[in-house]
Amino acid sequence: MSTPSSPEEESQSRSIAAVERAMDVLLHFGRADQPDLGVTEIATALGLTKAAVHRILTALRSRELITVDPATRRYALGPAAVALGRAYLARTDVRMMTAPELRRLSERHHETATLSLRRGDTRLYVDQVVPDQELRLEVSLGIPFPLHAGASSKVFLAFLPDFEVDAYLAGRPLQAVTDRTIVDPAGLRTDLAGIRRRGYATSHGERQAGTASIAAPIFDHDARVVAVISLAGPELRFTPESGPAVTDLLAAAGRISAQLGHRPRSLAGAVVREARDIRVTTGGRLPG
């Protein structure tokens, strides 16, 4: 037989429940597709009464976590919520955030997983997880590579604004790093368009002969590419276009992007479907 709760314990439980409901309302604004919400929309989505939602919004407004448009009576995140987000991002270390995902990718696929950052017109590896394989790929950290050579480089270039891509192509002739590096501007533009459409890039020996790689962007809260992760291995063994590699890499990039405040798009789902379609159209065999 349970012991009856004391009035103090019951009051504490009600207070905790009220705080949890307030957090649910606040977090719902972060997940919503539109920038502002009405009381009825929030109540319906969270299974609360409109009176409860109104009380919660009033409390959140008093702390500037929520604002209201007097004309439309619709609510949006307030300056205090924005300040919390900025404080979180200011303390974010992309390398620390990415490290667990790189380990998982390398362990699952038995290939090298890497993290790259952009520096002006170059890209450099800043971290890697190497598999326990006799034949394996190891990259050089901190060495700059051009933005047109290799999967990770091309991802950075593909998601730049058009004027920056134009400036990159106009500023220099495209130098061949290997005999497979794309050095024709028109051909590179076509490849970049495909990368933007698919959401990932592949390379077969474009930066280093005998290797193959697949790379995906990490987006921040402003939908800017702040880093790129990749899987790479010997070309004779690793098929970057394989469904599992595509799916796992995009999922990892999506999780990291979400931690940086990026809202998931429908693109990832489309890419997963595309990877499955590869299996269907090739009779279950993956392209090699």
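Along the sequence shown, residues carry numbers from 1.
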*Which ILVMFWY residues are connected to Leu27, directly or by a chain of links, through side-chain heavy atoms under 4.5 Å apart?*
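Members alongside Leu27: none; it stands by itself.
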
Nearest-0.5 Å distance, [atom1] of residue [X] to [atom2] of residue [Y]:
| X | Y | atom1 | atom2 | value |
| --- | --- | --- | --- | --- |
| Arg197 | Leu192 | CZ | CG | 11.5 Å |
| Thr211 | Leu137 | OG1 | CG | 6.0 Å |
| Arg73 | Leu57 | CZ | CG | 9.5 Å |
| Phe156 | Ser116 | CZ | OG | 6.0 Å |
| Tyr200 | Leu249 | OH | CG | 10.0 Å |
| Asp24 | Leu46 | CG | CG | 6.0 Å |

_Parallel, tilted or perpendicular, as decided by the 30° and 60° cut-offs, for the rings of His148 and Tyr168_ =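 Plane angle between 30° and 60°, so tilted.
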
What are the two closest heavy atoms between [X] and [Y], and how far apart are they?
| X | Y | result |
| --- | --- | --- |
| Phe29 | Ile42 | CZ-CD1, 3.7 Å |
| Pro217 | Val228 | CA-CG2, 4.4 Å |
| Glu111 | Ser106 | O-OG, 2.7 Å |
| Ala227 | Leu117 | CB-CD2, 3.7 Å |
| Ala212 | Pro240 | CB-CD, 3.8 Å |
| Thr112 | Pro131 | OG1-CD, 3.4 Å |

Do the side chains of [Y] and [X] get nearer than 4.5 Å, heavy atoms only?
| X | Y | answer |
| --- | --- | --- |
| Val129 | Leu105 | no |
| Arg118 | Val225 | no |
| Ile214 | Val246 | yes |
| Glu41 | His28 | no |
| Leu250 | Arg198 | no |
| Thr122 | Leu147 | no |
| Leu77 | Thr67 | no |
| His221 | His262 | no |

*asked:* Show, in sequence, the C-alpha distance, side-chain angles and deciding distance for Glu235 and Arg180, and conclude whether the salt bridge (Lys or Arg N to Asp or Glu O under 4.0 Å) test is met.
replied: CA-CA 13 Å; Glu235 191 173 17; Arg180 294 187 182 179; 2.6 Å; yes

Would you check if the side chain of [X] reaches a backbone N or O of [Y] as a donor-acceptor pair within less than 3.5 Å?
| X | Y | answer |
| --- | --- | --- |
| Arg207 | Ala149 | no |
| Thr49 | Ala52 | yes |
| Arg123 | Phe145 | no |
| Asp220 | Arg224 | yes |

*Using the benzene-type ring in the case of Trp, are the ring centres of Phe219 and Phe159 under 6.0 Å apart?*
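They qualify: ring centres under 6.0 Å apart.
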
Test item: side-chain donor near acceptor, [X] and [Y], under 3.5 Å:
| X | Y | answer |
| --- | --- | --- |
| Ser230 | Thr114 | yes |
| Asp248 | His109 | yes |
| Glu241 | His204 | yes |

*Begin with the C-alpha distance, continue with both residues' side-chain angles, and end with the deciding distance and a verdict on side-chain contact (heavy atoms from CB on, under 4.5 Å) for Leu102 and Ile229.*
CA-CA 8 Å; Leu102 296 184; Ile229 58 173; 4.1 Å; yes

*asked:* I'd like to know if Arg104 and Glu107 make a salt bridge, using a cut-off of under 4.0 Å between side-chain N and carboxylate O.
replied: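 No salt bridge links Arg104 with Glu107.
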
*Should Arg95 and Glu101 count as an ion pair when the cut-off is N to O under 4.0 Å?*
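No, Arg95 and Glu101 are not salt-bridged.
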
*According to a 4.5 Å side-chain heavy-atom criterion applied to Ile, Leu, Val, Met, Phe, Trp and Tyr, with indirect links allowed, do Leu236 and Phe238 form part of one hydrophobic cluster?*
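Hydrophobic grouping puts Leu236 apart from Phe238.
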
*When clusters are formed by joining ILVMFWY residues with side-chain heavy atoms under 4.5 Å apart, either directly or through shared neighbours, do Ile195 and Leu174 land in the same one?*
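In one cluster: yes.
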
Table please: side-chain donor-acceptor pairs of residues 181-191 below 3.5 Å, with sequence neighbours left out.
from   : atom 1 : to     : atom 2 : distance (Å)
Thr181 : OG1    : Val177 : N      : 3.0
Thr181 : OG1    : Thr178 : N      : 2.9
Thr181 : OG1    : Thr178 : O      : 3.3
Thr181 : OG1    : Glu206 : O      : 2.5
Asp184 : OD2    : Gly187 : N      : 2.8
Arg189 : NH1    : Asp166 : OD1    : 3.0
Arg189 : NH2    : Asp166 : OD1    : 2.9
Thr190 : OG1    : Ala186 : O      : 3.1
Asp191 : OD2    : Lys154 : NZ     : 2.7

*Answer yes or no: are there more than 12 heavy-atom neighbours, outside Asp132 itself, under 6.0 Å from its atom CG?*
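Check fails, neighbour count at 12 or below.
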
*Does CZ in Arg237 sit with more than 12 non-hydrogen atoms of other residues, nucleotides or ligands closer than 6.0 Å?*
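Yes, because the 6.0 Å sphere around CZ of Arg237 holds more than 12 heavy atoms from other groups.
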
*Trace of the salt bridge (Lys or Arg N to Asp or Glu O under 4.0 Å) decision for Arg136 with Glu138*: CA-CA 7 Å; Arg136 60 191 183 189; Glu138 292 190 47; 3.5 Å; yes

